[in-house]
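The next block holds one structure in the form of structure tokens; read it before the comments.
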Amino acid sequence: MWFDYLIYILLAIGVFFNILGGFGLLRFPDVYTRLHAGTKCTTFGSIFITGSVIILGLKMWYLGSTDGSILAIHTAGALVAILLTNPTGAHAIARAAHKSGVKPVGAVVDSLQTKSLKHNVNKKIIETKKMEEEK
Amino acid sequence: MMEFFNEYLIVLIALLISIAMAIIRVIKGPTAPDRIVGLDTINTIVIVGMVVFGTAFNEIIYIDVAIVYALLSFISTLFIAKYLEGGDF
């Protein structure tokens with residue numbers, strides 16, 4: 001049946017990307033590039049593995065088992081939890097790494113730094129104007 | 001039907017290799033954000049491993065545990081990141 005081949009293909013893609021994520025976590029030189037490997041590859045592989053489990057549950061449901069529908073729905077809930085939490089956590093880690101002073105290897109321009117500097121200068125100009133008006 | 005589920009145990013062994021590589025990064029990492037990246041990767045792979053384990057042994061309660069683990073590990077990651085960032089909560 002063609003469901004089985006689809007399940008095997010999805011499992012192979014998911015396992016390949018998960019191992020690629022672990023390998024990139026070892027080999028990359030920097031926090032930010034490691035974050036690419038450790039978050040994006042792992043999320044992508046997780047989508048495929050949980051997708052294969054969902055298709056297995058739908059197949060069991062089609063063949064007449066009530067466990068299959070429960071399996072598919074609960075795995076879809078786990079997939080939604082992964083998709084909501086993983087990119088948000090990665091963004092928080094990158095922001096914390098930049099604010100705690102870790103620089104990217106080989107970077108020339110720090111765009112976030114100049115932006116915050118400009119923002120600070122603008123805020124200071126507005127504050128001085130307010131002070132003069134109060135006087 | 002039971003012979004099919006054993007393929008998921010092979011997937012679980014492959015996921016364990018990926019977890020081992022992330023543990024090496026957690027031990028070796030030069031700075032603190034490196035270690036947090038390793039921990040976040042381990043959390044994601046453990047969630048998928050719980051789903052695969054529940055499928056392999058046909059126990060649906062393990063998948064509910066995976067959902068709760070995903071939400072709690074997200075909160076812990078946010079708090080560690082906030083601690084590194086400094087400042088008040």
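Below, chains carry the letters A, B, ... as their sequence lines are ordered, and counting in each starts from 1. Nothing here was measured: the structure is a model prediction, and the numbers come from that model.
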Do R34(A) and D30(A) have side chains that approach each other closer than 4.5 Å (heavy atoms only, starting at C-beta)?
no
Check: D4(A) and K59(A) side chains under 4.5 Å, non-hydrogen atoms:
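Result yes, sub-4.5 Å side-chain heavy-atom pair found.
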Bottom line for I36(B): the part with an atom under 4.5 Å from chain A's heavy atoms is both
Toward chain A, the part of L84(B) with a non-hydrogen atom under 4.5 Å:
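For L84(B), the contact with chain A is made by backbone and side chain together.
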Would you be so kind as to tabulate the donor-acceptor pairs closer than 3.5 Å made by side chains of residues 49-56 of chain A, with sequence neighbours excluded?
residue: T50(A); atom: OG1; partner: S46(A); partner atom: O; Å: 2.6
residue: T50(A); atom: OG1; partner: I47(A); partner atom: O; Å: 3.2
residue: S52(A); atom: OG; partner: I49(A); partner atom: O; Å: 2.8

Smallest separation among heavy atoms of Y32(A) and V102(A), with atom names:
OH-O, 2.9 Å
Count the heavy-atom pairs under 4.5 Å between each of V48(B), V37(B), D34(B) and chain A, then report the option with the highest count.
D34(B)
Looking only at heavy atoms and a cut-off of under 4.5 Å, which of I24(B), D64(B), V52(B) has the most pairs with chain A?
D64(B)
Is it true that the side chains of N18(A) and S18(B) contain a donor and an acceptor less than 3.5 Å apart?
no
Among A81(A), A78(A), S100(A), which residue has the highest count of heavy-atom pairs closer than 4.5 Å to chain B?
A78(A)
Who wins among L20(A), I82(A), L26(A) for the most heavy-atom pairs under 4.5 Å with chain B?
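Most heavy-atom pairs within the cutoff with chain B belong to L26(A).
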Please output the side-chain donor-acceptor pairs of residues 69-79 of chain B that fall under 3.5 Å, not counting sequence neighbours, one pair per line with the distance.
residue: Y69(B); atom: OH; partner: N43(B); partner atom: OD1; Å: 2.9
residue: S73(B); atom: OG; partner: Y69(B); partner atom: O; Å: 3.2
residue: S73(B); atom: OG; partner: A70(B); partner atom: O; Å: 3.0
residue: S76(B); atom: OG; partner: S73(B); partner atom: O; Å: 2.9
residue: T77(B); atom: OG1; partner: S73(B); partner atom: O; Å: 2.8

Which atoms of V31(A) come close to chain B, meaning under 4.5 Å heavy atom to heavy atom: side chain ones, backbone ones, both, or neither?
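Backbone plus side chain of V31(A), per the 4.5 Å heavy-atom cut-off to chain B.
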